[in-house]
S.K.: 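This is the structure, below, for whatever I ask next.
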Amino acid sequence: MKRLVLIDGSSYLYRAFHALPPLSNDAGEPTGALFGVVNMLRATLNERPDYVAFVVDAPGKTFRDDLDPNYKANRPPMPDDLRAQVLPMCEIVEALGIPILRIDGVEADDVIGTLARRANAENIDVTISTGDKDFAQLVRAAEPDRAGIVLVNTMSGSRMDSDEAVIAKFGVRADQVIDLLSLMGDSVDNIPGVEKCGPKTAAKWLGEYGTLDGVIEHASAIKGKIGDNLRAALPRLPLNRQLATIKTDVELERGPAELALRERDADALRGLYARYGFKQALRELEGASTANDIASDRAGLRATAAGHARGGGAAEAPAPELAAKGDYEAVTTQPQLDALVASLQAVEEFAFDSETDSLDPMQANLVGLSFASETGRAVYVPLGHDYPGAPAQLDREAVLAALRPVFADPARRKLGQHGKYDLHVLRRCGVEIAGYADDTMLESFVYNATASRHDMDSLAKRYLGYDTIKYSDVAGKGAKQISFSQVAIDDATKYAAEDADVTLRLHRVLGARLAAEPALEKVYREIEMPLVPVLARVEANGVMIDGDELRKQSQELGKRMLDAQLKATELAGRTFNLDSPKQLQALLFDELKLPVLVKTPTGQPSTNEEALEAIADQHELPRVILDYRGLAKLRSTYTDKLPEMVNPHTGRVHTSYHQAGAATGRLASSDPNLQNIPIRTDDGRRIRRAFVAPPGRKLVACDYSQIELRIMAHLSQDEGLVRAFESGADVHRATAAEVFGKKSLDEVSGNERRAAKAINFGLMYGMSAFGLARQLGIGRGEAQDYIALYFSRYPGVRDFMERTRQDARDKGYVETVFGRRLYLDNIKASNQGLRAGAERAAINAPMQGTAADIIKRAMIDIDGWLAGHRERALMILQVHDELVFEVEDSFVEELLAQASRRMAGAATLRVPLVVDSGVGINWDEAH
DNA sequence: TGACCATGCAA
DNA sequence: TATTGCATGGTCA
């Protein structure tokens, strides 16, 4: 299939001018923008397009000026330094043999749009090279035998080649981009949009209503200030749509097929490059024309790229050197690759690391791989560096094919740092890893969960006394951060090879330390390491979400929020931001003079739920705020956000589990957190109905009943508590009967059971009489009596608590049933608050941590069994004491039996482990 | 833009 | 003066 590249010349010239330093040649002529454009053009031509055009704006009015006299009215005149570079640029473009298009009365955008559509219709693949995001409206995914339209921005390295890519960038499909731009407006072109409506808001509205017309139709339903802004902007929006639409039907003299690349004029180019001081381009010209010095040519390109990718670096001056601290080398030739593979096959273990362009392992693209098998030496294999002028790299597929047997060989031990990430990335490239044997993050976590963070930079500092190159050193940070694929290969090599090297060196230290602590070694070897591939699978499986259902709920919640808001405004007598605790505090406590009964940790009057409940009998407003808060929480955190988290490749939501997240050994979940999906209220519960099974499948949820209390019974060996669990009775009711002296469970009142439950839970968190009193809304003395009574009935529990505190003081740590250790740095602190906090943590950690160990063991066991049934059942969620599976209908019974049995058998305690389960077409039903 | 605070969701 | 987490919107430097 033929390919056409359309270059948005004006856009590049402006952007290069502003992105690059004000360089000049020996004669003092400005060259910065020129330099950027020339590099971009060379990179473009290196890809040998069949047709190409360099499109620039012509002077004069266009149809947009007629539509809106203010269009582009506030655009400043072109700076002189930039104007001076326009002519030389055109000369260079001409000399390169690229056709220049400049059509009177037609903007470059419309020329490009027209050519793109025509070429696409003629089944020519189109690449639009521009820095202007508006072109996303033209993107069209290629299909087999069907040309597509791709948008690339070589300055930022971004690429949009499908609706998914457009969604990732803008949150809307390509066909919604015009509507998005219409809502946002464009300050550069002086198009006023909806005030305060940025890309997020616009995308949200379009997600709800589909099109601009849909948004206009529902404008009255949008609440708040932003809704007013929208309504104010309504008359303007149709005009914005016309302005934002790139025309695709302009009359042109030349069609796509008449844009063939001409022979370049080497003599003219040589003169121009020399005049403007483009030494590397000049060298490339000479090198290619004589074709006898490939190596130096490549070196030249690399130096150019380094200067370019860093943006601020002087054009031809080398970038400031990153200090390479070991013998680090880039692998870019076949002989080097052969040597690497041979060396990996010759060793028993090696460290590896992957570099990518995203933190999300379910979306990241592989940019390079690094390896180290002896300390102080490492190599980096760049695979996807695609900045302008990037040197030739080995073919990605060929490299992966060569490495696949090494990764798949379980006898060759692989080491990593947070290897679960790399497992995902490589799996998505078709490389499965067997023999993932050690992970320095987990070694550190098991060795001492609280001594340091477990990222590589912290570990290197702590255990090696070594300062690593930081990611921000090579890629920048904040808004200016570039993708790793844009990092110069020399810099990338130092950074990436160091990662592998440091991983190996850390393992030498941490592996030895763990080996000296057999109990910890066991936790690491038998629980944490085997769990890595299990978690990777759970994450990759993901969960199916009914996005339409959630969007429907969002709309409904929005309506109810609006009602609450109106009522609140009425009650307050003025408008205020219901989301602002500060404004609310001023209103309630200063203006309405309601009493301050609760304060925040910083001493401010609190407006939290407890505080509002306490004053709800004195004024109607607190109740309305509480209602509003409940709705707003559900909408902002769940119903609005979850649909946005659907992975465009898989159509499912993939959380990340942090294995070294919680010091107690629990997992933590993020992006999104699927461990805090509401369940306690009816409105909240509805959200769980949007976690669904596909047709022909069911969700199965299995959860441990009272696991932490059972662990407390086991650890304390308290006869009464053990008996309660052995009898199979409702443990809170049994506790109430004991504490309140009832002869039979039937005599326990609801209130007594509630009190007993509060005591049971409170004890596990190290709660005091004060806390219990507050929880139950009773006097402190009464609470103290309950606790005393409890301890007299369950003396084993009291002894266990005291023993645990003493243990913590003596040893400085507490441990779980399986030997996981938690150090408590503050247990001997002189600060009484810190010490009390450490004591509470000491009491809680063995129970929470043992529960975490148990469910981890169950997950490993169940995953092993599921290996033979991957088509029929998937483990998809873990929520501390619960596992959720997605199961084929015909396999539900089998899975229920196996999962329950394996969970219950994951530990043998003094009391039985009981597993409850449920089945349904959604998570609510299954629970 | 980043950091912090207040708030609230889960086990 | 109740454990462990994560995400939100507001606010401020």
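Quick note on labels: first sequence line is chain A, next is B, and so on, each numbered from 1. Small disclaimer: the values here were computed from a predicted structure and weren't measured.
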S.K.: Sequence neighbours left out, cut at 3.5 Å: what donor-acceptor pairs do the side chains of residues 766-782 of chain A make with other protein atoms?
M.R.:
from	atom 1	to	atom 2	distance (Å)
A:Ser768	OG	A:Phe770	N	3.4
A:Ser768	OG	A:Gly771	N	3.3
A:Glu782	OE2	A:Tyr786	OH	3.4

S.K.: Contact class for A:Ala479 (heavy atom, under 4.0 Å): base, sugar-phosphate, or nothing?
M.R.: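 Answer is sugar-phosphate: A:Ala479 comes under 4.0 Å of backbone atoms only.
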
S.K.: Among all residues two or more places apart in sequence or in another chain, which pass the salt bridge (Lys or Arg N to Asp or Glu O under 4.0 Å) test with A:Glu539?
M.R.: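 Result, salt bridge (Lys or Arg N to Asp or Glu O under 4.0 Å) vs A:Glu539: A:Lys420.
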
S.K.: Report the residues that fulfil ring pair (Phe, Tyr, Trp, His ring centres under 6.0 Å) with A:His454, sequence neighbours left out, ordered by chain and then residue number.
M.R.: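 Per chain and number, A:His454 pairs via ring pair (Phe, Tyr, Trp, His ring centres under 6.0 Å) with A:Phe445.
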
S.K.: Tell me, please, the opening and closing nucleotides of DNA chain B, 5' to 3', among those with an atom under 4.0 angstrom from a non-hydrogen atom of chain A.
M.R.: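 So the outermost contacting nucleotides come out as B:dT1 to B:dA11.
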
S.K.: Nearest-Å distance, CZ (A:Arg780) to C1' (C:dA2)?
M.R.: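 Interatomic distance, CZ of A:Arg780 to C1' of C:dA2: 15 Å.
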
S.K.: Specify the separation, in whole Å, of atom CG of A:Leu709 and atom P of C:dA2.
M.R.: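 Rounded to whole Å, this separation is 19 Å.
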
S.K.: Taking only the P atom of each, what is the distance from B:dC5 to C:dT1 in whole angstrom?
M.R.: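 Taking atom P in both B:dC5 and C:dT1, they lie 16 Å apart.
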
S.K.: Base, sugar-phosphate, or nothing: which does A:Gly630 touch, judged by heavy atoms less than 4.0 Å apart?
M.R.: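 No contact at all - A:Gly630 keeps every heavy atom at 4.0 Å or more from the nucleic acid.
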
S.K.: Is it true that A:Glu556 and A:Arg686 have a side-chain N and a carboxylate O under 4.0 angstrom from each other?
M.R.: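 Looking at A:Glu556 and A:Arg686, the cut-off is met.
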
S.K.: Less than 4.0 angstrom from a charged side-chain N to a carboxylate O is my criterion; do A:Arg733 and A:Glu752 meet it?
M.R.: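 No.
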
S.K.: Salt-bridge test for A:Glu644 and A:Lys204: reply yes if a basic N is under 4.0 Å from a carboxylate O, no otherwise.
M.R.: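 Judged by the 4.0 Å cut-off on N to carboxylate O distance, A:Glu644 and A:Lys204 do not form a salt bridge.
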
S.K.: Would you list the pairs meeting salt bridge (charged side-chain N to carboxylate O under 4.0 Å, His left out) in which at least one residue belongs to residues 822-836 of chain A, sequence neighbours left out?
M.R.: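 Of all non-adjacent pairs touching residues 822-836 of chain A, none passes salt bridge (charged side-chain N to carboxylate O under 4.0 Å, His left out).
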
S.K.: May I have the distance from A:Ile787 (atom CD1) to C:dT1 (atom P), rounded to whole angstrom?
M.R.: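 Checked: the CD1 to P distance equals 16 Å.
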
S.K.: Do NZ/NE/NH1/NH2 and the carboxylate oxygens of A:Glu610 and A:Lys599 come within less than 4.0 Å?
M.R.: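 A salt bridge is absent here (no side-chain N lies under 4.0 Å from a carboxylate O).
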
S.K.: Just do the side-chain hydrogen bond (donor to acceptor under 3.5 Å, both in side chains) check on A:Gln878 and A:Glu882 with the steps written out, would you?
M.R.: CA-CA 6 Å; A:Gln878 190 257 39; A:Glu882 173 183 7; over 6 Å; no

S.K.: Near DNA chain C, under 4.0 Å by heavy atom, which residues of residues 667-690 of chain A?
M.R.: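 Output list: A:Ala668, A:Ser669, A:Ser670, A:Asp671, A:Asn673, A:Asn676.
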
S.K.: Please determine whether a side-chain nitrogen or oxygen atom of A:Arg774 lies at a distance below 4.0 Å from atom OP1 or OP2 of C:dA2.
M.R.: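 The answer is yes; a side-chain N or O of A:Arg774 sits under 4.0 Å from OP1 or OP2.
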
S.K.: Just how far, in rounded Å, is P of C:dG5 from CD of A:Glu708?
M.R.: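 For the pair A:Glu708 CD and C:dG5 P, the rounded distance is 13 Å.
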
S.K.: Could you check whether the side chain of A:Gln848 and the base of C:dT4 have a donor-acceptor pair of N or O atoms closer than 3.5 Å, going by distance alone?
M.R.: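 No pair found.
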
S.K.: Using whole Å, what does the distance between atom C1' of nucleotide C:dT1 and atom CD of A:Gln775 come to?
M.R.: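 Whole-Å distance recorded here is 13 Å.
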
S.K.: Please list, chain by chain and in numerical order, all residues satisfying side chain to side chain donor-acceptor pair (under 3.5 Å) with A:Thr681, sequence neighbours excluded.
M.R.: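 Side chain to side chain donor-acceptor pair (under 3.5 Å) check on A:Thr681 returns nothing, list empty.
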
S.K.: Can you check the A:Phe761 CZ to C:dT4 P distance for me, whole Å?
M.R.: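 That distance rounds to 16 Å.
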
S.K.: Surrounding CD of A:Gln806 (heavy atoms of other residues, nucleotides or ligands, distance under 6.0 Å), is the total greater than 12?
M.R.: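 Yes - once you tally the heavy atoms of other residues, nucleotides and ligands closer than 6.0 Å, there are more than 12.
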
S.K.: Is there a donor and acceptor pair closer than 3.5 Å between the side chain of A:Arg840 and the base of C:dT3?
M.R.: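 Between C:dT3 and A:Arg840, which were checked side chain against base, a qualifying N/O pair under 3.5 Å is absent.
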
S.K.: Of all residues at least two apart in sequence or in a different chain, which pass the side chain to side chain donor-acceptor pair (under 3.5 Å) check with A:Trp205?
M.R.: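 Result, side chain to side chain donor-acceptor pair (under 3.5 Å) vs A:Trp205: none returned.
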
S.K.: Determine, for nucleotides 8-13 of chain C in 5'-to-3' order, which nucleotides have protein heavy atoms under 4.0 Å from the base (write B), from only the sugar-phosphate (write S), or from neither (write -).
M.R.: SSSSS-

S.K.: Could you give all pairs that pass the ring-ring contact (aromatic ring centres under 6.0 Å, His included) test and reach residues 827-854 of chain A, with sequence neighbours left out?
M.R.: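 Applying ring-ring contact (aromatic ring centres under 6.0 Å, His included) to every pair that reaches into residues 827-854 of chain A, excluding sequence neighbours, yields nothing.
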
S.K.: Going by number, which of residues 766-773 of chain A have a non-hydrogen atom under 4.0 Å from DNA chain C?
M.R.: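 Contacts with DNA chain C under 4.0 Å: A:Met767, A:Ser768, A:Phe770.
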
S.K.: A:Asn760 has an atom CG; how far is it from atom C1' of C:dT3, in whole Å?
M.R.: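 Computing the A:Asn760:CG to C:dT3:C1' distance gives 15 Å.
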
S.K.: In whole Å, I'd like the distance from the CZ atom of A:Arg666 to the P atom of C:dC6.
M.R.: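 For the pair A:Arg666 CZ and C:dC6 P, the rounded distance is 11 Å.
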
S.K.: Taking salt bridge (Lys or Arg N to Asp or Glu O under 4.0 Å) as the definition, give me every residue that meets it alongside A:Arg689, ordered by chain and number, with sequence neighbours left out.
M.R.: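 Counting only residues at least two positions away or on another chain, A:Arg689 forms a salt bridge (Lys or Arg N to Asp or Glu O under 4.0 Å) with A:Asp924.
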
S.K.: Do NZ/NE/NH1/NH2 and the carboxylate oxygens of A:Glu609 and A:Arg623 come within less than 4.0 Å?
M.R.: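 Looking at A:Arg623 together with A:Glu609, the answer is no, because their closest N to O distance does not fall below 4.0 Å.
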
S.K.: With a non-hydrogen cut-off below 4.0 angstrom, is A:Ala663 in contact with a base, only sugar-phosphate, or nothing?
M.R.: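 Sugar-phosphate, backbone atoms only, no base.
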
